[in-house]
Amino acid sequence: MPEVWVYAEVTHAGVVDTTALELLTRARSLGADVAAVVLGPGASRAAGTLGDYGASRVYLSDDDVFGDFVAQPATKALDQLVTEHSPEMLMFATNYDSRDIAGRLSAKTGATLMSNATGVSGLDRAQTAISGGSLMVDVVLRGSPKIVLVRPKSFAAEAMGGVAEVINVEARIPDELRQARRRERQEQDAAGPNLEDAGIVIAGGRGLQAPDNFKLLDRLAGLLDDCAVGATRAVVDAGWVPYAYQIGQTGKTVKPGVYIAAGISGATQHLVGMKGAKRIVAINKDGDAPIFEVADLGVVGDAVKVLEQLIEEVKRRKGQT
Amino acid sequence: MNVVVCVKHVPDPNAPVEIQDNRIKRTGVQNVLDPGDMYGIEAGLLLREALGGEVTVISMGPVQAVEAIKRALSMGADRGVMISDDALTGADSLVTARVLAAAIRRAGFDLVIAGVESTDGYTGTMPSSLAEFLGLPQVTFAKRLSASASSVTVDRQTASGYHVVECSLPALVTVTAGVNEPRYPSFKGIMAAKKKPLEHLTLDHLGMSAADAEVEQEIVQISAVDERKSGTRVANDEAAARIADLLAEAKAI
Ligand SMILES: Cc1cc2nc3c(=O)[nH]c(=O)nc-3n(C[C@H](O)[C@H](O)[C@H](O)COP(=O)(O)OP(=O)(O)OC[C@H]3O[C@@H](n4cnc5c(N)ncnc54)[C@H](O)[C@@H]3O)c2cc1C
Ligand SMILES: Nc1ncnc2c1ncn2[C@@H]1O[C@H](COP(=O)(O)O)[C@@H](O)[C@H]1O
């Protein structure tokens with residue numbers, strides 16, 4: 001039986017990246033045996049979850065080397081496993097570390113690689129959305145293995161209640177692959193719900209005109225349940241908010257119940273990150289802005305004024321005024 | 001410090017994408033130096049100014065892509081290497097990495113710099129594949145970069161912050177927008193660029209053949225997706241109430 005492998009990123013606490021669970025769920029439907037590979041501190045603790053989502057085997061190592069050094073040790077370990085077991089397809093999430101490892105593994109093994117996939121329809125076939133999701137590109141992959149990098153939220157994650165066999169990976173990583181060392185980790189703790197999981201996302205763009213106006217989004221979010229704040233790359237690059245807020249091609253993918261775009265033009269690179277929202281509200285003073293083409297509810301007007309009115313309206317409904 | 005910077009010539013990102021024969025149309029459209037690669041060029045120039053050495057700019061693509069190199073030379077890079085070959089039409093990121101690696105190997109270097117992702121293809125994996133072919137460690141997503149003669153230190157962006165990564169040289173680094181403020185070419189720079197060494201290579205020069213350029217994936221179809229329909233427009237005086245209705249429906253109020 002052909003094998004499909006999912007590479008899973010894991011935190012030190014053993015929490016598996018959600019996208020890996022989405023990929024496992026998808027892999028189950030491809031008529032192949034499904035396995036997962038998880039490397040670095042936390043890996044053993046992830047095995048249960050990976051089995052629950054469909055991995056029949058989990059190749060793992062808790063070795064610090066995979067966390068301490070960028071990309072090279074994981075590529076080496078994966079290359080050994082691939083040589084030994086010849087999986088047909090390897091699926092990665094388009095996350096930072098995964099993308100690096102997949103690129104290296106492609107060169108190391110000669111495996112063809114498809115990036116930014118939004119669909120996987122067979123062991124040799126995947127799809128990707130371009131032009132802000134308005135065009136779907138269908139790609140046939142040849143050779144073995146094939147590497148597919150899949151965008152987060154392309155599939156729903158569903159547990160199936162399985163238990164995985166655990167196979168420990170011997171990590172013999174030579175010194176020449178221990179060059180790019182992580183010296184320090186700076187993580188910003190975002191307040192409120194995680195942007196990727198929030199039921200409501202309010203995002204701001206350059207049309208908010210000043211970093212101070214961006215605070216209106218925080219005020220509104222504070223009044224709503226399960227709401228997080230996001231941003232376009234334009235305002236992230238301008239330094240208004242940290243990169244962790246960025247939604248789009250090079251940022252996060254969100255799929256909330258309601259997405260409010262305030263002062264956002266709707267560039268294709270932004271749209272790919274939020275087009276999956278159930279309802280989209282756009283506030284933009286330019287009636288021809290592309291964001292209106294995907295909006296369920298469009299307001300042509302000044303974003304700051306509309307946000308201020310909305311804050312008052314929400315307060316009123318909550319009986320706060 | 002000798003730096004090699006990878007640059008790509010891409011269709012003007014401000015123009016709509018045109019598709020021809022299941023591929024992004026690259027000829028007969030306005031092409032520019034990938035805006036994302038200007039940061040890589042600037043990073044190379046800053047390192048040369050601090051540590052000495054030379055900046056070589058390299059690109060693979062159709063002949064006219066040499067314009068991207070010329071732009072980099074006018075910003076101040078020292079020399080250019082352009083690789084063009086009919087066999088490379090339709091090359092994917094793996095083939096691109098294999099070819100660039102062969103060309104970069106011929107030049108002595110301490111550091112290779114590329115963009116995090118290209119504006120047209122945005123696979124974002126070419127640099128990692130290139131690093132593997134060259135046997136180099138890599139630090140991607142640099143939002144801050146400093147170097148000594150023997151190592152680089154990078155603030156590497158993560159989903160929720162950044163990691164400080166230190167890496168011995170030689171190495172490959174990819175830079176994000178925001179790592180620096182790219183300079184504009186000066187008139188003097190544009191004039192000087194005309195006299196700078198510019199090498200044109202084919203697969204032959206690199207000891208490679210069409211077999212090395214074979215792509216193991218194929219686009220079989222490009223189709224329009226059922227577009228989201230744009231919904232209703234509401235007047236400003238109703239806006240707050242209508243948005244609040246939606247939020248209430250979603251149980252956020
Ligand atoms: C390789 C690559 C990757 C990228 N990745 C991303 C990504 O991940 N995420 C992302 O967001 N972008 C990304 N971009 C950038 C993207 O192309 C756009 O430049 C960006 O999304 C624009 O942000 P914006 O809408 O805030 O700004 P603008 O495009 O400048 O739009 C501002 C909007 O505000 C409106 N406006 C002005 N004043 C007001 C007012 N008073 N009230 C209401 N509206 C007003 C204007 O009409 C305009 O439509 C990427 C680009 C490239 C090349
Ligand atoms: N054909 C090419 N020639 C030179 N550099 C390239 C080429 N393709 C990609 N690159 C470099 O690799 C980076 C990432 O590209 P990509 O992996 O295609 O998204 C770009 O920003 C460039 O610096």
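Every chain is numbered from 1, with letters handed out A, B, ... down the list of sequences. Hydrogens, waters and symmetry mates play no part in the numbers below; they use all other heavy atoms, side chains included. All values derive from a computational prediction rather than experimental measurement.
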For this session: Check whether A:R178 gets within reach of chain B through its side chain, its backbone, both or neither, counting any heavy atom under 4.5 Å.
Result: neither
For this session: Would you mind reporting whether A:L224 and B:I253 have side-chain heavy atoms less than 4.5 Å apart?
Result: yes
Problem set entry | CA sep, side-chain torsions, deciding dist, call: B:L94, A:L113, side-chain contact (heavy atoms from CB on, under 4.5 Å) | CA-CA 7 Å; B:L94 181 60; A:L113 179 156; 6.0 Å; no
Seminar exercise, completed: Counting heavy-atom pairs under 4.5 angstrom with chain B, the leader among A:M136, A:R125, A:Q72 is A:M136
For this session: Specify the closest pair of heavy atoms between B:T123 and A:S115, including all atoms of both residues, with the distance to one decimal.
Result: O-OG, 2.7 Å
For this session: Go through the atoms of A:A111 and report whether side chain, backbone, both or neither lie under 4.5 Å from a heavy atom of chain B.
Result: backbone
Exercise. If you look at every heavy atom in A:G103 and B:S129, which pair is closest and at what distance?
Worked result: O-OG, 2.7 Å
For this session: Go through A:E313, A:Q179, A:E176 and name the one with the most non-hydrogen pairs under 4.5 angstrom from chain B.
Result: A:Q179
Seminar exercise, completed: Most contact-rich option vs chain B, by heavy-atom pairs under 4.5 angstrom, among A:Q127, A:Q309, A:R279, is A:R279
For this session: Count the heavy atoms of every other residue, nucleotide or ligand shown that sit under 6.0 Å from CD of A:Q320, and state whether that count exceeds 12.
Result: yes
Seminar exercise, completed: Most contact-rich option vs chain B, by heavy-atom pairs under 4.5 angstrom, among A:A102, A:A71, A:S106, is A:S106
For this session: Rounded to the nearest 0.5 Å, what's the gap from CG on A:L141 to CD on B:E218? Could you check?
Result: 10.5 Å
Exercise. Who wins among A:L307, A:D138, A:L105 for the most heavy-atom pairs under 4.5 Å with chain B?
Worked result: A:D138
Seminar exercise, completed: Cut-off 4.5 Å, heavy atoms of chain A, and the answer for B:K251 is backbone
Exercise. In terms of heavy-atom pairs under 4.5 Å with chain A, which of B:G178, B:A177, B:A224, B:G124 leads?
Worked result: B:G124
Seminar exercise, completed: Per-residue tally against chain A (heavy atom, under 4.5 Å) across B:S230, B:A235, B:P127 peaks at B:S230
Exercise. Roughly how far, to the nearest 0.5 Å, is OH of B:Y162 from CZ of A:R185?
Worked result: 13.5 Å
Exercise. Quick one: what part of A:A126 sits under 4.5 Å from any heavy atom of chain B, side chain, backbone, both or neither?
Worked result: neither
For this session: State plainly whether the residues B:D245 and A:R317 are in salt-bridge range, i.e. N to O under 4.0 Å.
Result: yes
For this session: Using a 4.5 Å cut-off on heavy atoms from C-beta on, say whether the side chain of B:N236 contacts that of A:V299.
Result: yes
Exercise. Should A:V70 and B:H163 count as side-chain neighbours, where that means a heavy-atom distance under 4.5 Å?
Worked result: no
Problem set entry | Interface moiety of A:D97 toward chain B, non-hydrogen atoms closer than 4.5 Å | both
Problem set entry | Nearest-0.5 Å distance, CD of residue A:E184 to CD of residue B:E166 | 11.0 Å
For this session: Pick one of side chain, backbone, both or neither for A:D296, based on which atoms fall under 4.5 Å of a heavy atom in chain B.
Result: both
For this session: Can you tell which part of A:T250 gets under 4.5 Å to a heavy atom of chain B, answering side chain, backbone, both or neither?
Result: both
Problem set entry | Segment of B:V215 engaging chain A (4.5 angstrom heavy-atom cut-off) | backbone
Exercise. Measuring heavy-atom distances to chain B, does A:L177 have an atom under 4.5 Å in its side chain, in its backbone, in both, or in neither?
Worked result: neither
Seminar exercise, completed: Taking every heavy atom of B:A250 against every heavy atom of A:I200, the minimum-distance pair comes out as CB-CD1, 3.9 Å
Exercise. Side chain, backbone, both or neither: which part of B:Y122 has a non-hydrogen atom closer than 4.5 Å to chain A?
Worked result: both
For this session: Using a cut-off of under 4.5 Å on heavy-atom pairs, state which of B:A171, B:S223, B:G161, B:A248 scores highest against chain A.
Result: B:S223
Seminar exercise, completed: So, the part of A:V258 with a heavy atom under 4.5 Å from chain B: the answer is side chain
Exercise. Thinking salt bridges, do B:E216 and A:K146 make one under a 4.0 Å N-O criterion?
Worked result: no
Exercise. Which region of B:A159, side chain (C-beta onward) or backbone (N, CA, C, O), has a non-hydrogen atom less than 4.5 Å from a non-hydrogen atom of chain A, or is it both or neither?
Worked result: both
Problem set entry | Pair A:R99 + B:E117: basic N to acidic O under 4.0 Å | yes
Problem set entry | Top contributor to chain A interface from B:K229, B:K143, B:Q221 [non-hydrogen pairs under 4.5 Å] | B:Q221
Exercise. Would the number of heavy atoms belonging to other residues, nucleotides or ligands and lying under 6.0 Å from NZ of A:K76 be above 12?
Worked result: no
Problem set entry | Heavy-atom proximity to chain B below 4.5 Å, by part of A:Y243 | side chain
For this session: Heavy-atom distances under 4.5 Å only: say whether A:D237 touches chain B with side chain, backbone, both or neither.
Result: side chain
For this session: Flag the one option from B:T176, B:I219, B:V116 with the top tally of heavy-atom pairs under 4.5 Å to chain A.
Result: B:I219
For this session: Select one option (side chain, backbone, both, neither) describing which atoms of A:V294 are under 4.5 Å from chain B's heavy atoms.
Result: both
Seminar exercise, completed: Scored by heavy-atom pairs under 4.5 Å with chain A, the best of B:M126, B:R98, B:E238, B:R242 is B:R242
Exercise. Say you draw a straight line from CG of B:L247 to CG of A:L220; how long is it, rounded to the nearest 0.5 Å?
Worked result: 7.0 Å
For this session: Could you grab the distance from atom SG of B:C167 to atom CZ of A:R183, nearest 0.5 Å is fine?
Result: 10.5 Å
Exercise. Under a 4.5 Å cut-off applied to non-hydrogen side-chain atoms, are A:V306 and B:I243 in contact?
Worked result: yes
Exercise. For B:V139, is it the side chain, the backbone, both, or neither that has a heavy atom closer than 4.5 Å to a heavy atom of chain A?
Worked result: side chain
For this session: Please flag which part of A:A295 lies under 4.5 Å from any non-hydrogen atom of chain B: side chain, backbone, both or neither.
Result: backbone
Problem set entry | A:L297 side chain near B:T232 side chain, heavy-atom distance below 4.5 Å | yes
For this session: Drop me the distance from B:E132's CD to A:I101's CD1, to the nearest 0.5 angstrom.
Result: 11.5 Å
For this session: Decide if atom NZ of A:K278 counts as having more than 12 heavy atoms of other residues, nucleotides or ligands within a radius under 6.0 Å.
Result: no
Problem set entry | Which portion of B:L130 sits near chain A, non-hydrogen atoms under 4.5 angstrom | neither
For this session: Sort A:L149 into side chain, backbone, both or neither according to what part of it lies under 4.5 angstrom from a heavy atom of chain B.
Result: side chain
Problem set entry | More than 12 heavy atoms from other groups under 6.0 Å of CD on A:E308 | yes
